[in-house]
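As structure tokens, the structure follows; a few thoughts come after it.
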Amino acid sequence: MINVITGASAGIGEAAAVELARRGRQVVLVGRNTARLTHVAERVRAVSGAVPDTLTCDYTSLEDVRRLAAELASRYERIDVLVNNAGVMTTRRSLTGDGHETMIQVNHLAPFLLTNLLLERVTGRVITTSSRAGRTGRLDPADLNRDRRRWSGWLQYGDSKQANALFTVELARRLSGTGVTATCFHPGVIKTEFAPKTFMMWMVKNVPGMGRSAEEGASTLVHLATHPDGAAHPGRYFADGAPAAVPRGMTDPDLARALWDASAEAVA
């Protein structure tokens with residue numbers, strides 16, 4: 001089974017890739033950093049005996065996302081599992097070359113575009129890394145960049161993670177009856193290099209008991225990729241390997257459709 005994993009060069013993406021390979025899955029590693037991808041590919045080879053394909057992509061460029069999608073489509077007639085795991089958190093506001101705030105593009109618009117470009121190839125599951133930070137989201141489809149609202153890194157990050165959950169809800173609706181399912185999940189608070197300049201993540205890495213390992217964080221991703229749960233609960237948000245309740249703002253079908261339409265316009 002072919003499993004494409006974005007954000008595979010570190011953290012839970014790396015841990016999931018190694019575990020899926022250990023279980024006999026063919027993994028395709030996507031990331032920004034060639035050297036790190038090479039390191040992860042060697043770990044995969046060590047547990048599986050197979051050298052995985054590695055592809056680079058910069059999610060701050062939608063054109064590069066289109067190039068990645070075309071390359072994946074040309075290499076693989078089918079993709080059994082597409083894992084949208086790449087993400088970023090920053091406390092500095094910036095816009096990409098496409099004119100979108102960086103976090104909303106990298107965390108939501110880029111995987112939204114990649115998924116839509118690859119849907120004809122996906123035969124099984126789409127899994128998206130969300131977060132309980134989505135509970136704090138106050139997403140406005142007409143103001144994805146927060147140009148007209150107060151901006152902070154954590155506010156925008158919450159919006160982007162809320163967007164991951166809403167994307168999953170609407171994607172699952174659109175895929176109903178096709179045999180392809182969509183889920184998303186919260187990996188937990190992980191001891192990685194994610195959001196390295198924030199005080200909260202410094203605490204997670206340095207205060208005993210505050211953070212989980214990358215392998216623990218990847219466990220729900222692996223569960224959704226390999227267990228019947230990953231197909232049995234379309235549109236659901238998972239935490240700790242099971243469906244979890246979330247606020248209305250992460251499940252509202254009308255908001256999910258409005259976000260889908262705004263996202264399609266943003267990446268057109």
Side-chain angles (χ1 to χ4, degrees), residues 1-9 13-14 16-17 20-21 24-34 36-38 40-41 44-45 48 50-88 96-98 100 104-129 163-164 167-168 170-184 221-222 224-226 230-231 234-235 259-261 263-268:
M1 297 184 70
I2 299 170
N3 297 243
V4 175
I5 307 171
T6 71
S9 57
E14 174 181 359
L20 288 169
R25 297 291 185 95
Q26 178 182 346
V27 295
V28 180
L29 311 177
V30 179
R32 283 195 309 165
N33 187 299
T34 301
R36 288 183 179 179
L37 284 174
T38 300
V40 179
V44 167
R45 186 204 62 76
S48 68
V51 179
D53 284 348
T54 59
L55 295 89
T56 58
C57 186
D58 181 356
Y59 268 24
T60 65
S61 166
L62 294 179
E63 187 58 36
D64 209 29
V65 175
R66 293 186 181 94
R67 177 199 57 77
L68 170 65
E71 188 166 359
L72 287 167
S74 70
R75 290 192 187 196
Y76 308 105
E77 292 187 359
R78 75 173 201 282
I79 296 171
D80 297 286
V81 179
L82 173 62
V83 179
N84 291 313
N85 172 66
V88 66
T96 68
D98 300 293
H100 306 299
I104 202 67
Q105 176 161 326
V106 172
N107 296 352
H108 168 62
L109 293 175
F112 171 87
L113 176 60
L114 181 68
T115 301
N116 276 279
L117 291 173
L118 290 176
L119 273 184
E120 291 186 356
R121 289 287 192 273
V122 179
T123 60
R125 305 176 187 187
V126 179
I127 303 166
T128 300
T129 303
N164 293 150
F167 163 65
T168 299
E170 178 62 8
L171 180 61
R173 186 188 73 82
R174 289 170 178 254
L175 292 172
S176 179
T178 67
V180 180
T181 57
T183 55
C184 63
L221 191 167
V222 173
L224 289 171
T226 60
L259 173 63
W260 187 283
D261 291 343
S263 302
E265 181 178 351
V267 303

Work out which heavy atom in T183 is nearest to a heavy atom in G230; give both atom names and the distance.
CG2-O, 3.9 Å
Here the pair of heavy atoms bringing L29 nearest to A17 is CD2-CB, 3.6 Å
State, with a plain yes or no, whether a side-chain heavy atom of T226 is found less than 4.5 Å away from one of M1.
no
Pairing of R75 and D53 as salt bridge, 4.0 angstrom limit:
yes
Would V28 and I2 count as a side-chain contact (heavy atoms from CB on, under 4.5 Å) here? Give the steps.
CA-CA 7 Å; V28 180; I2 299 170; 4.1 Å; yes
Which heavy atom of A21 sits nearest to which heavy atom of S48, and what is that distance?
O-CB, 3.8 Å
Shortest non-hydrogen contact from A110 toward L62
CA-CD2, 4.2 Å
Test side chain to side chain donor-acceptor pair (under 3.5 Å) applied to N33 - qualifying residues, sequence neighbours left out
none
Gap between atom OG1 of T128 and atom NE2 of H108 - 0.5 Å precision:
10.0 Å
Verdict with reasoning, L55 to L68, per side-chain contact (heavy atoms from CB on, under 4.5 Å):
CA-CA 8 Å; L55 295 89; L68 170 65; 3.9 Å; yes
Which atoms form the tightest heavy-atom contact between T60 and T96, and what is the distance?
O-CB, 3.4 Å
List for me each residue that meets side chain to side chain donor-acceptor pair (under 3.5 Å) alongside D64, sequence neighbours excluded, and say none if there are none.
R67
Euclidean distance, L221 CG relative to I5 CD1, rounded to 0.5 Å
6.5 Å
Heavy-atom donor-acceptor pair, D80 side chain to R125 backbone, under 3.5 Å:
no
Heavy-atom pair with the smallest gap, counting every atom of S9 and L37:
CB-CD2, 3.9 Å
I need the L171 CG to C184 SG distance, nearest 0.5 Å.
10.5 Å
Give, for atom CZ of R173 and atom CG of L175, the distance between the pair rounded to the nearest 0.5 Å.
10.0 Å
Is the backbone of L109 close enough, under 3.5 Å, to the side chain of H100 for a donor and an acceptor to pair up by distance?
no
Count the heavy atoms belonging to other residues, nucleotides or ligands that lie under 6.0 Å from CZ of R174, then report whether that count exceeds 12.
yes
Scan side-chain atoms only and decide if N3 and Q26 contain a donor-acceptor pair under the 3.5 Å cut-off.
no
Please tell me if the side chains of V83 and T6 come closer than 4.5 Å, counting only heavy atoms from C-beta onward.
no
Check whether any side-chain N or O of Q105 sits under 3.5 Å from a backbone N or O of Y59 as a donor-acceptor pair, and report yes or no.
yes
Would a distance-only check, ignoring hydrogens and angles, find a side-chain to backbone donor-acceptor pair under 3.5 Å from T129 to G87?
no
Run the side-chain donor-acceptor check on residues 113-122: report pairs under 3.5 Å with partners two or more places apart or on a different chain.
from : atom 1 : to   : atom 2 : distance (Å)
T115 : OG1    : N84  : ND2    : 2.9
T115 : OG1    : P111 : O      : 2.8
N116 : ND2    : F112 : O      : 2.8
R121 : NE     : A73  : O      : 3.1
R121 : NE     : Y76  : O      : 2.8
R121 : NH2    : A73  : O      : 3.0

